[in-house]
J.: 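Quick one: structure below, then a few questions.
Quick note: residue numbers are just sequence positions, from 1. Values in this document were obtained by computation on a predicted structure and should not be read as measured data.
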Amino acid sequence: MGLISGVLGFIFLSALLFSNAQGAVHKHYWVVKQTNFTKLCTTSTILTVNGSFPGPEIHARKGDTVFVTVQNDGPYGITIHWHGVRQPRNPWSDGPEYITQCPIKPGGNFTQEINLSKEEGTVWWHAHSDWSRATVHGAIKVFPANGTSYPFNEPDGDQTIVFSSWYKSNVMDVLNEALAAGSDPNVSDAYTINGEPGDSYNCSKETMYSLLVETGKTYLLRIVNAILNEEMFFAIANHNMTVVGSDGAYVKPFSTDYLFITPGQTMDVLVTANQSASYYYMVLTPFLDTESSYDNTTSTALIKYSGNYTTPSSIPTPTFPNISDSISAQLFVVRLKSLADAAHPINVPTNITRQYFMTVSVNLFACPNSTGCTVDGNNKLAASLNNDSFLLPSTSMLQEYYDSNYNVSGFADQLPDKPPTPFNYTTVVNMSAYTSEGRGVITLNYGDEVEILFQGTNIGATQNHPMHLHGYGFYLVGTGSGDFDNGTDRGRFNLVDPPEVNTIGVPRKGWSAIRFKADNPGVWFLHCHFERHITWGMSTVVIVKNGDTNETSMRPPPSYMPPCS
């Protein structure tokens, strides 16, 4: 143990010397291990961090640096990603498996450096290897820097609300069975709110999560959607929510009686306890306007007012959009707008130097009879961007990029900037569903002003796709239904106060446009945040070249990275 402690101390000291920390420095030691939990009348063995589900929270201020040593005492390799943290010039600690690092082997450890730069509000962390993030995840609360404050009145309370998927079975078995058959994986058995399914499920009433509030006080709820494969609606009976932030950035406040939130997104909302002292349901239910399989269950939690009163025999339940109400989903999205004021300026790129039109599709691969594929005859499910289904390597792409003196051609191809064959994307009926496997990446020069137009298609099982880019916050400048019209739709782009986010939902048979400036050099994963779609290849890598100075170039690797062999 003394030797291990010494090695960890050396790793931390080396990382600290290389860090560009200007704020406070925080240190955490996490142990990934298997833990037994009993839910839904069944005891399941799940992977956890420090034995908790959801995992531990990180609390820091804007500008702080956090070092987390991850000790893997689990049965298989693991990586941890800091979702929504830009990690300026430091992709080495970003965490996606085989993109920026190889997994931490069982018995091994890795100290990661999390640089909080522009983020303020709520972001989160999760495993980024196979489907481990089902239970390995938690919130990161980023408070205002010292000497600054919220752009709203200081709340009386601050509570994290994490939405998760719960499987009775081992989630890795669920994944492996689906891969063997080439089919859609089994859906989860429940959704949870702060780890508890709620009283709509068997054996779950007594453990249902409850939030104690005091009459007249206002609470900041930091909501994280860590669910694997479903976008969600959320509402609180008799209480409106004021949305004040999303994905680690503030938005113009607006009042709403429901949230629409995709996997990967965070929402900061204010709730005032302004009702009669009683119990009120918080309800979480899926949004899915598709024929794909999904977990069609409902999770509940309670708001309980403090004080003396009779427990109600009937608890108020909220009403909100039905499961396939795509109009309500989109109406919520378009209400998100940046503060865009003197204290919170934005800089939307307008001189676009790199433009991508990117089709987002669920596809098929043909496979030999001997593999036992079961989908649509002798096929297996796949997914693609511009008809390229991304194949993960078995080594770290970031390390290969660094070792080859920043030469991309040795380990990847270039993703085309438009689909190989143009077609009527949302109305096509005769376009082939088949795609091909590849390793197409996007290579950008430092300083490029980038626009990516994600276009949903009518190929395969059509649905929304929550797209997430590592290493960047980007501006959602437009979204709409049908095929993108370069004249009419582009003329409606919001270039004044678009939300700065890191995860957006591309509407089913619709489109979303994002813009960002390529000012963070490194190797950054871009993917759908549905786990089954990542597994099928709906991803690519954005490689941003170094600038002309040390300050605009990637930092060198830390003294230790998890080995790939």
J.: Are any non-hydrogen side-chain atoms of Y98 and P393 less than 4.5 angstrom apart?
T.: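 They are in contact (side-chain heavy atoms under 4.5 Å apart), so the answer is yes.
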J.: Tell me yes or no: between the side chains of T266 and T122, is some donor less than 3.5 Å from an acceptor?
T.: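 Per modelled atom types, T266 and T122 side chains form no pair under 3.5 Å.
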J.: Atom CG in L211, atom CD1 in I161: separation rounded to 0.5 Å?
T.: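 With rounding to 0.5 Å, CG (L211) is 6.0 Å from CD1 (I161).
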J.: May I have the step-by-step check of ring pair (Phe, Tyr, Trp, His ring centres under 6.0 Å) for F163 and Y191, ending in yes or no?
T.: CA-CA 7 Å; F163 305 150; Y191 303 113; 9.2 Å; no
J.: Quick check for you: to the nearest 0.5 Å, what is the distance between E196 atom CD and S204 atom OG?
T.: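 The CD atom of E196 sits 7.5 Å away from the OG atom of S204.
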J.: Given 3.5 Å as the limit, does a donor-acceptor pair link the side chain of N72 with the main chain of V31, or not?
T.: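 No, the answer is negative, given that no donor and acceptor are paired below the 3.5 Å cut-off.
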J.: State, to 0.1 Å, how close F37 and G51 come at their nearest heavy-atom pair, and which atoms those are.
T.: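 What the structure gives for the nearest pair is CZ-O, 3.6 Å.
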J.: Using a 3.5 Å distance criterion without hydrogens, assess whether the side chain of S299 forms a donor-acceptor pair with backbone atoms of L284.
T.: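 Pair absent, no side-chain N/O of S299 close to backbone of L284.
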J.: Would you give the length of the straight line joining atom OG1 of T79 to atom NE2 of H126, rounded to the nearest 0.5 angstrom?
T.: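 Separation between the atoms: 9.0 Å.
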J.: If you take all heavy atoms of S512 and I504, which pair is closest and at what distance?
T.: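 Minimum heavy-atom separation between S512 and I504: CB-CD1, 3.7 Å.
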J.: Shortest non-hydrogen contact from G440 to D388?
T.: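 What the structure gives for the nearest pair is N-OD2, 3.4 Å.
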J.: Does R439 reach the main-chain N or O of D413 with its side chain, forming a donor-acceptor pair under 3.5 Å?
T.: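 Checked: no pair found.
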J.: Is a side-chain donor or acceptor of E113 paired with a backbone partner of T65 at a separation under 3.5 angstrom?
T.: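 Such a contact is absent between E113 side chain and T65 backbone.
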J.: Could you give me the CA-CA distance, side-chain angles and deciding distance for H28 and H59, then say whether ring pair (Phe, Tyr, Trp, His ring centres under 6.0 Å) is met?
T.: CA-CA 11 Å; H28 297 274; H59 294 184; 8.9 Å; no
J.: E120 and S149: which non-hydrogen atoms are nearest, and at how many Å?
T.: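 Reported closest heavy-atom pair: OE2-O, 4.3 Å.
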J.: Keeping the roles fixed (side chain from E119, backbone from S117), state whether a donor-acceptor pair exists under 3.5 Å.
T.: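 Checked: pair present.
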J.: Does a side-chain N-to-carboxylate-O contact under 4.0 Å join E551 and R89?
T.: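 No, this pair does not count.
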J.: Does any part of the side chain of I543, heavy atoms only, come nearer than 4.5 Å to the side chain of I442, both counted from C-beta?
T.: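 Heavy-atom side-chain distance check fails, nothing below 4.5 Å.
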J.: To check you understand the geometry: which heavy-atom pair defines the closest contact between S404 and F411, and what is its length?
T.: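 Minimum heavy-atom contact is OG-CE2, 4.3 Å.
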J.: Quick one: does any side-chain atom of D64 pair with a main-chain N or O of G23 as donor and acceptor, under 3.5 Å?
T.: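 Checking the backbone N and O of G23 against the side chain of D64, no donor-acceptor pair under 3.5 Å is found.
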J.: Can you label the angle between the W82 ring and the W125 ring as parallel, tilted or perpendicular, going by 30° and 60°?
T.: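 Correct class here is tilted.
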J.: Between Q34 and P75, what is the shortest heavy-atom contact and its length?
T.: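 For Q34 and P75, the tightest heavy-atom pair comes out as NE2-CG, 3.5 Å.
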J.: Are D268 and L221 packed together at the side-chain level, in the sense that at least one heavy-atom pair is separated by less than 4.5 angstrom?
T.: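 Heavy-atom side-chain distance check fails, nothing below 4.5 Å.
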J.: Is there a side chain to side chain contact (heavy atoms under 4.5 Å, CB included) between V32 and Q71? Walk through the geometry before answering.
T.: CA-CA 6 Å; V32 177; Q71 171 66 37; over 6 Å; no
J.: Do we see a donor-acceptor contact under 3.5 Å between the side chains of D295 and T297?
T.: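 The answer is yes; a qualifying pair exists.
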J.: Taking the side chain from W124 and the backbone from G264, do they hold a donor-acceptor pair closer than 3.5 Å?
T.: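 Between the backbone of G264 and the side chain of W124 there is a qualifying donor-acceptor contact (under 3.5 Å).
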J.: W536 side chain to S384 main-chain N or O, any donor-acceptor pair under 3.5 Å?
T.: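 No, because the side chain of W536 does not come within donor-acceptor range (under 3.5 Å) of the backbone of S384.
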J.: After noting the C-alpha distance and the side-chain angles of I193 and T300, does the key distance pass the side chain to side chain contact (heavy atoms under 4.5 Å, CB included) rule?
T.: CA-CA 7 Å; I193 299 175; T300 56; 5.8 Å; no
J.: Check the side chains of T435 and S389 for a donor-acceptor pair under 3.5 angstrom, ignoring hydrogens and angles.
T.: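 Looking only at side-chain atoms, T435 and S389 do not form any donor-acceptor pair under 3.5 Å.
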J.: Step by step, work out the ring pair (Phe, Tyr, Trp, His ring centres under 6.0 Å) result for F53 and W166.
T.: CA-CA 11 Å; F53 170 71; W166 183 262; 5.4 Å; yes
J.: Which distance, rounded to the nearest 0.5 Å, do you find between the CZ of F454 and the CG of L476?
T.: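 It comes to 10.5 Å.
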J.: Does the ring pair (Phe, Tyr, Trp, His ring centres under 6.0 Å) test come out yes or no for F260 and F234, once each step is laid out?
T.: CA-CA 7 Å; F260 169 66; F234 175 73; over 10 Å; no
J.: Could you verify whether a donor N or O on one side chain and an acceptor N or O on the other, from Q265 and S246, lie under 3.5 Å apart?
T.: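 Result is no, nothing qualifies.
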J.: Do the side chains of L526 and H470 get nearer than 4.5 Å, heavy atoms only?
T.: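 When only atoms from C-beta onward are counted, L526 and H470 do not touch, as no gap falls below 4.5 Å.
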J.: Quick one: pull up CG in L398 and CG in D94 and give me the separation to the nearest 0.5 Å.
T.: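 Atom-to-atom, L398:CG and D94:CG are 9.0 Å apart.
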J.: Looking at E531 and R133, does any basic side-chain N land under 4.0 Å from a carboxylate oxygen?
T.: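 Between R133 and E531 there is a salt bridge, with a charged N closer than 4.0 Å to a carboxylate O.
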J.: Any side-chain donor-acceptor pair under 3.5 Å between S338 and E500?
T.: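 Judged by distance alone, the side chains do not pair up.
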J.: So, the side chain of S52 versus the backbone of P54: is there a donor-acceptor pair under 3.5 Å, distance only?
T.: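 Pair found, side chain donor or acceptor close to backbone of P54.
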J.: So, D247 side chain and N502 main chain: donor-acceptor pair closer than 3.5 Å or not?
T.: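 Yes.
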J.: To the nearest 0.5 Å, what is the distance between CG (N464) and CZ (F530)?
T.: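 Nearest 0.5 Å value for the CG-CZ distance: 7.0 Å.
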J.: Does a donor on one side chain and an acceptor on the other come within less than 3.5 Å for N520 and R86?
T.: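 Per modelled atom types, N520 and R86 side chains form no pair under 3.5 Å.
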J.: If we check ring-ring contact (aromatic ring centres under 6.0 Å, His included) with H83, which of these qualifies: H128, H137, H527, H468?
T.: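 The passing option is H468.
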J.: Give me the ring orientation class for Y250 and Y150: parallel if the planes are under 30° apart, tilted from 30 to 60°, perpendicular past 60°.
T.: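 Perpendicular, since the angle between the ring planes exceeds 60°.
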J.: I'd like to know if K517 and D448 make a salt bridge, using a cut-off of under 4.0 Å between side-chain N and carboxylate O.
T.: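 Result for this pair is no, no salt bridge flagged.
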J.: We want to know whether S293 and D184 form a side-chain donor-acceptor pair, criterion being a heavy-atom distance below 3.5 angstrom.
T.: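 Distance-only check passes for S293 and D184.
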